[in-house]
Amino acid sequence: MRRGLEASVTGRTVAHVDVLHPRAVRRHDGSSADFAARLLRRTLGPANRRGKYLWLPLGPGEPEEALVGHLGMSGQLLVQPAAAGDQRHLRVRVSFADAGPELRFVDQRTFGGMAVEPLSGAGVPASVEHIARDPMDPQFDDIAFAAALRRRRTGLKRALLDQSLISGVGNIYADEALWRSRLHFARPTQTMTKAATAGLLAHVRAVLGEALDQGGTSFDALYVNVNGESGYFDRSLDAYGQAGEPCARCGTAIRREPFMNRSSFFCPRCQPPRARAAG
DNA sequence: CGGAGCTCCTGGGGGC
DNA sequence: TGCCCCCAGGAGCTCC
């Protein structure tokens with residue numbers, strides 16, 4: 001989605017903004033009208049991403065604020081011809097001075113939203129500053145992550161989903177990386193050695209890299225790129241959503257357990273609750 | 001303070 | 001067919 005935004009809206013100047021649902025801009029510090037007014041006649045800069053936050057600095061000139069989007073559970077940022085009919089859950093429409101395709105924020109559940117926010121000196125919006133770097137970010141610090149993990153007193157998957165420690169790893173990719181690492185979701189973080197964490201990070205990066213190559217994990221039309229196209233990483237899932245299916249390594253049935261008001265999928269044989277004694 | 005549960009929404013799908 | 005319940009790629013708030 002970030003790549004798609006950069007290719008299709010960066011460098012364009014906003015001519016009109018429609019907020020069709022006020023809840024979609026509830027994180028904006030001001031009214032819907034203020035949100036629209038702050039975007040008018042601004043030029044969108046290059047697209048940035050951290051975790052599930054996306055932002056485009058606002059020109060012209062040295063950017064002091066940015067258009068920030070968060071997708072929540074069901075948000076989409078689509079680039080659509082102005083003539084295309086409104087999507088059912090269209091929340092925000094941004095039209096451009098060149099009369100080319102519109103940027104549309106579509107969100108069924110409205111857990112996501114958009115805002116115009118000031119940028120810090122480092123060029124990061126205020127609402128994104130507490131979000132850790134993504135493991136695909138060259139500046140992600142593996143050593144610091146391993147140390148932070150050992151300081152935590154919680155379960156491994158909880159830590160992977162904690163965006164202040166590491167971002168970009170959601171429920172699906174956490175389960176996939178844990179399966180590849182043969183680690184149980186509740187493994188105490190303080191038992192994670194530097195080597196175990198290095199191995200886990202390698203698997204996290206492999207999972208994210210493969211998913212990006214395949215356009216993401218798309219169960220249905222909710223999960224799409226800016227052109228509305230679904231990815232197909234769901235065909236590569238070894239754990240997530242595979243309850244009852246044989247583990248691709250050992251044949252044991254994958255198990256589903258309730259976890260943080262959602263689900264964890266794991267192989268009870270490959271990923272035992274306690275660390276293996278050796279090997 | 002860090003950690004964990006609850007909650008904000010809408011809709012699809014399965015079971016009865 | 002209809003209804004009810006469960007579930008869903010997230011994360012902020014509030015309590016302990």
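Per chain, numbering begins at 1; letters A, B, ... match sequence-line order.
- Among the protein residues, A/Thr154 comes within range of the sugar-phosphate backbone only, with heavy atoms under 4.0 Å from sugar or phosphate atoms but none that close to a base.
- Taking the six-membered ring for Trp and thresholds of 30 and 60 degrees, A/His130 and A/Tyr53 have ring planes more than 60 degrees apart, a perpendicular arrangement.
- When distances run from any side-chain atom of A/Phe111 to the nucleotides C/dG10, B/dA4, B/dT10, the shortest one goes to C/dG10.
- For the P atom pair drawn from C/dC6 and B/dC6, the interatomic distance equals 14 Å after rounding to whole Å.
- Salt bridge annotation for A/Arg50-A/Asp134: absent, with no cationic side-chain nitrogen under 4.0 angstrom from a carboxylate oxygen.
- Following rounding to the nearest Å, A/Ile172 (CD1) and C/dA8 (C1') show an atom-to-atom distance of 9 Å.
- Atom P of nucleotide B/dG11 and atom CD of A/Gln87 are separated by 15 Å, given to the nearest angstrom.
- A salt bridge links A/Glu65 with A/Arg42: the distance from a Lys NZ or Arg NE/NH1/NH2 to an Asp or Glu carboxylate oxygen falls below 4.0 Å.
- Rounded to an integer number of Å, the gap from A/Gln76 CD to B/dC9 P is 20 Å.
- Distance check on atom C1': C/dG12 versus B/dG11 gives 23 Å, rounded to whole Å.
- Whole-Å rounding puts the A/Tyr173 OH to C/dG10 C1' distance at 14 Å.
- Distances shorter than 4.0 Å separate some side-chain N or O of A/Arg158 from OP1 or OP2 on B/dA4.
- With both pairing distances under 3.5 Å, C/dG12 is matched to B/dC6 as a Watson-Crick or G-U wobble pair.
- When distances are taken from the side chain of A/Asn261 to each of C/dG12, B/dA4, B/dC6, the shortest belongs to B/dC6.
- Applying the 4.0 Å criterion to OP1 and OP2 of C/dC7, one finds that A/Ser263 has every side-chain N and O outside that range.
- Protein atom CD1 of A/Ile166 is 16 Å distant from nucleotide atom C1' of C/dA11, rounded to whole Å.
- Checking C/dG12, C/dG10, B/dG11 against the side-chain heavy atoms of A/Lys52 singles out C/dG10 as nearest.
- Between A/Arg205 and A/Asp142 a salt bridge is recorded (basic side-chain N to carboxylate O distance below 4.0 Å).
- Side-chain N/O atoms of A/Gln163 include one lying less than 4.0 angstrom from OP1 or OP2 on C/dA11.
- Between A/His89 and B/dC9, a side-chain N or O to OP1/OP2 separation shorter than 4.0 Å is absent.
- Relative to the side chain of A/Arg262, the nucleotides C/dA8, B/dT10, B/dC8 differ in distance, and C/dA8 lies closest.
- When the P atom of C/dA11 is taken as reference, atom CG of A/Leu165 falls 13 Å away, rounded to whole Å.
- Neither OP1 nor OP2 of B/dC9 sits under 4.0 Å from any side-chain N or O of A/His21.
- When the side-chain nitrogen and oxygen atoms of A/Arg26 are compared with OP1 and OP2 of B/dC8, none of them lie within a distance under 4.0 Å.
- Look at A/Ser74 and you won't find any side-chain N or O under 4.0 angstrom from OP1 or OP2 of B/dC9.
- Side-chain nitrogen and oxygen atoms of A/Tyr53 include at least one within less than 4.0 Å of the OP1 or OP2 phosphate oxygen of C/dG12.
- In this entry the distance linking CG of A/Leu71 with P of B/dC8 reads 22 Å, nearest Å.
- You'll find that the side chain of A/Gln108 is closest to B/dG11, out of B/dG11, B/dG3, C/dG10.
- Between A/Arg180 and A/Glu176, none of the side-chain N atoms (NZ, or NE/NH1/NH2) sits under 4.0 Å from a carboxylate O, so this pair counts as no salt bridge.
- As judged by a 4.0 angstrom heavy-atom cut-off over every strand, A/Arg256 is placed among residues touching the sugar-phosphate backbone only.
- Closest to the A/His130 side chain, of the nucleotides B/dG2, C/dG10, C/dG12, is C/dG12.
- One atom, CZ of A/Arg49, and another, P of C/dG10, lie 13 Å apart when rounded to the nearest Å.
- Taking the ring centre of A/Trp179 as origin, the terminal cationic atom of A/Arg249 falls inside the region bounded by 6.0 Å and 45° from the ring axis.
- A cation-pi arrangement is absent between A/Arg133 and A/Phe145 under the rule of less than 6.0 angstrom and at most 45 degrees off the ring axis.
- Residue-level contact check: A/Arg91 touches neither bases nor backbone, having no heavy atom under 4.0 Å from any strand.
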